[in-house]
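Quick notes on the structure that follows.
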Amino acid sequence: MKKIALHWQILIGMVLGVLVGLVFTQFEGGKEIVQDWIKPFGKIFINALKLIAVPLILASLIKGVSDLKDISKLSKMGGRTIGLYLITTIVAVSIGLMLVNVIKPGNSISEDTRQELVQNYSGDAMKYKEEADKQKSSGPLQALVDIVPDNIFGASTENKNMLQVIFFAIFFGIGLILIPEKKAKPVKNFFDGFNEVILKMIDLIMLAAPYGVFALLAALVVESPSIDLFKALVWYAFTVILGLILMITFYNIIVWMIAKKNPSTFLKGISPAQLLAFSTSSSAATLPVTMERVTEHLGVDEEVSSFVLPIGATINMDGTSLYQAVAAVFIAQAFGMDLSFGVQLGIIATATLASIGSAAVPGAGMVMLVIVLGQAGIPEAGLALIFAIDRPLDMCRTTVNVTGDASVSMLVAKSLGKLHKPKVKEWDDNYHKK
Ligand code: ASP
């Protein structure tokens, strides 16, 4: 396997996973065998990736911010990052809205199919609604309050508190810039070394990636619902996927024009992260790999990637916002509602905010979709319509989410003169020398 490039190895793992999944669905008891004996390896793989996320953010962000040596540089980078994230999200929602209005996938849903879907999935949809209601019931500034943890150890024990860990790391980094160099040095050296160790651990985990995705996809295939319902949703899925493809094209164009990296270099550099995003449906689990690829294979300075990517993984979800816009209008169409231009503008605003608020885990986009639907006056029961096909679309939109973060990190790096020639490190670089 040594000679084959990593993204091919992962692709082979994915294809074999799908094939094995298909074979095992053919006979009685096959599903259970996959669930008992293959799926756990996928879970172990995702756990290992998630395990790295919090220490990685802490170490790399503290190192990255303190390396800046100057707080004004931090605010410049922060401003550009947030600005670009907002722009790409608005582009995504607009593409989604445009496509769903032109293709009108909701009109192809017959009354019978609609009732069947609502009947089959309303239970599942209710769970999402309850979760969204919890988030809705808090005050308008709750999102801001949630960023500041009252206990850093508490915050770092929960992967969903990533923004709190980011806040602490930036704050700590600023403190480090402001103390005398002599005192700061040992602390910086410590986090520097710590960061190197974490990056090496990512290299090691990536050795298992082809096997991990194999297990994940085999399990997904045996657990997927019947293909019949997929058929009813084919136009909806087509609209979302077409939008996502347009987004990937958009990223390639801006990276090419602004960061001057051609699409094949960009895609080759980022593809292992994309494939993992696809297989895990989680930008957070993919974050360690995105960081490694962007830094080592695309040449983004660590000062930039350590800042832009963790923030992107939590707040920038272009794929999710595009999907939310399409899904909202699709549901409205299926219920025979006509949405005015004003309501659609409202969807741009809420889908942008909802994607910022979505957690970087599987299915999170659907929870926040409830809020988009509520704001636009679309029946929330409509969630049941799109439930059957949410997981495959989640896989696709997560891939776009991760690609968006990587693209923005390249643009920010370019604008700050921090895009270098890539320097690839292998897992055994130092090992042979001993
Ligand atoms: N799974 C997505 C992510 O992690 C979020 C979502 O759209 O559900 O980026």
Side-chain angles (χ1 to χ4, degrees), residues 42 45-47 49-50 52-54 57 85 88-89 92-93 95-96 124-125 127-129 131-132 135 158-163 166 213 216-217 220 236-237 239-241 243-244 247-248 251 270 273-291 294 308-328 330-331 347 350-373 383 386-409:
F45 178 62
I46 295 203
N47 283 355
L49 283 169
K50 287 194 189 157
I52 294 291
V54 167
I57 294 177
Y85 278 156
T88 56
T89 305
V93 186
I95 292 182
D124 297 306
K127 274 190 241 138
Y128 279 73
K129 192 170 149 15
E131 212 168 306
Q135 305 203 20
E158 270 280 6
N159 278 340
K160 70 174 191 316
N161 293 339
M162 216 103 102
L163 269 183
I166 292 174
V213 296
L216 286 170
L217 286 190
L220 262 179
Y236 160 67
T239 313
V240 175
I241 291 173
L244 296 177
M247 264 329 269
I248 297 263
Y251 297 137
I270 197 66
Q274 290 177 318
L275 294 172
L276 278 197
F278 185 82
S279 309
T280 61
S281 285
S282 166
S283 323
T286 313
L287 177 65
V289 182
T290 320
M291 290 270 258
V294 163
V308 178
L309 293 176
I311 295 182
T314 39
I315 70 165
N316 181 50
M317 300 197 178
D318 301 340
T320 301
S321 58
L322 185 147
Y323 142 87
Q324 285 168 339
V326 175
F330 165 78
I331 292 171
I347 291 180
T350 42
T352 304
L353 293 176
S355 71
I356 293 175
S358 302
V361 295
M366 195 154 178
V367 174
M368 296 305 274
L369 175 62
V370 176
I371 293 174
V372 180
L373 294 178
L383 268 195
I386 54 170
F387 206 90
I389 204 165
D390 195 60
R391 182 62 195 237
L393 294 183
D394 192 0
M395 297 160 83
C396 301
R397 65 186 188 244
T398 308
T399 309
V400 170
N401 291 346
V402 166
T403 315
D405 299 343
S407 316
V408 168
S409 77

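Residue indices begin at 1 and follow the sequence shown. Just so it is clear, the structure is predicted and the values come from calculations on it, not from any experiment. Just follow the structure's listing: the first ligand is 1, and inside any ligand the first atom is 1.
Residue contact check: Arg397 has heavy atoms under 4.0 Å from atoms 6 (C), 7 (O), 8 (O) of ligand 1. Listed by number with element, the atoms of ligand 1 under 4.0 Å from a non-hydrogen atom of Gly363 are 8 (O). Of all atoms in ligand 1, listed by their number and element, those nearer than 4.0 Å to a heavy atom of Thr320 are 5 (C), 6 (C), 7 (O). Shown in contact with Ala364 at under 4.0 Å from a heavy atom are these atoms of ligand 1, numbered in order with element: 8 (O). Close approach of ligand 1 to Ser281 is summarised as follows: ligand atoms under 4.0 Å from at least one heavy atom of the residue are 1 (N), 4 (O). Proximity to Ser282 (heavy-atom distance under 4.0 Å) selects the following atoms of ligand 1: 4 (O).
Atom-to-atom distance recorded for Met317:CE and Met368:CE is 10.0 Å, nearest 0.5 angstrom. A distance of 11.0 Å separates CG of Leu322 from CD1 of Ile241, quoted to the nearest 0.5 Å. How far OH of Tyr251 is from CD1 of Ile270: 11.5 Å, rounded to the nearest 0.5 Å.
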> Given Val240 and Arg397, is the side chain to side chain contact (heavy atoms under 4.5 Å, CB included) satisfied, shown in steps?
Replying inline: CA-CA 9 Å; Val240 175; Arg397 65 186 188 244; 5.8 Å; no
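Each of Asn401, Thr398, Thr89 was evaluated against Thr320; a single residue qualifies, Asn401, per the side chain to side chain donor-acceptor pair (under 3.5 Å) test.
Looking at atom 1 (N) of ligand 1, its nearest protein heavy atom turns out to be Asp394 OD1, 2.7 Å. In terms of protein heavy-atom proximity, atom 2 (C) of ligand 1 is closest to Thr398 OG1, 3.3 Å. In this structure, the protein non-hydrogen atom closest to atom 8 (O) of ligand 1 is Gly365 N, 2.7 Å.
With a 4.0 Å heavy-atom cut-off, ligand 1 is reached by the backbone of Ser283 and by its side chain too. Looking at Val402 against ligand 1, nothing comes within 4.0 Å, counting heavy atoms.
A donor and an acceptor atom, one from each side chain of Ser409 and Asp405, are nowhere located under 3.5 Å apart. Side-chain atoms of Asp390 and Tyr323 include a donor-acceptor pair closer than 3.5 Å. No hydrogens or angles considered: a donor-acceptor pair under 3.5 Å links the side chains of Gln274 and Thr403. Side-chain contact check for Ser355 and Asp318: no donor-acceptor pair (N or O, by modelled atom type) lies under 3.5 Å.
Where the criterion is an N or O separation shorter than 3.5 Å, residue side chain and backbone included, Ala359 fails it with respect to ligand 1. Residue Met317 has no nitrogen or oxygen atom sitting less than 3.5 Å from a nitrogen or oxygen atom of ligand 1, judged on distance alone. Checked against a 3.5 angstrom limit, the closest N/O atoms of Ala360 and ligand 1 fall inside it.
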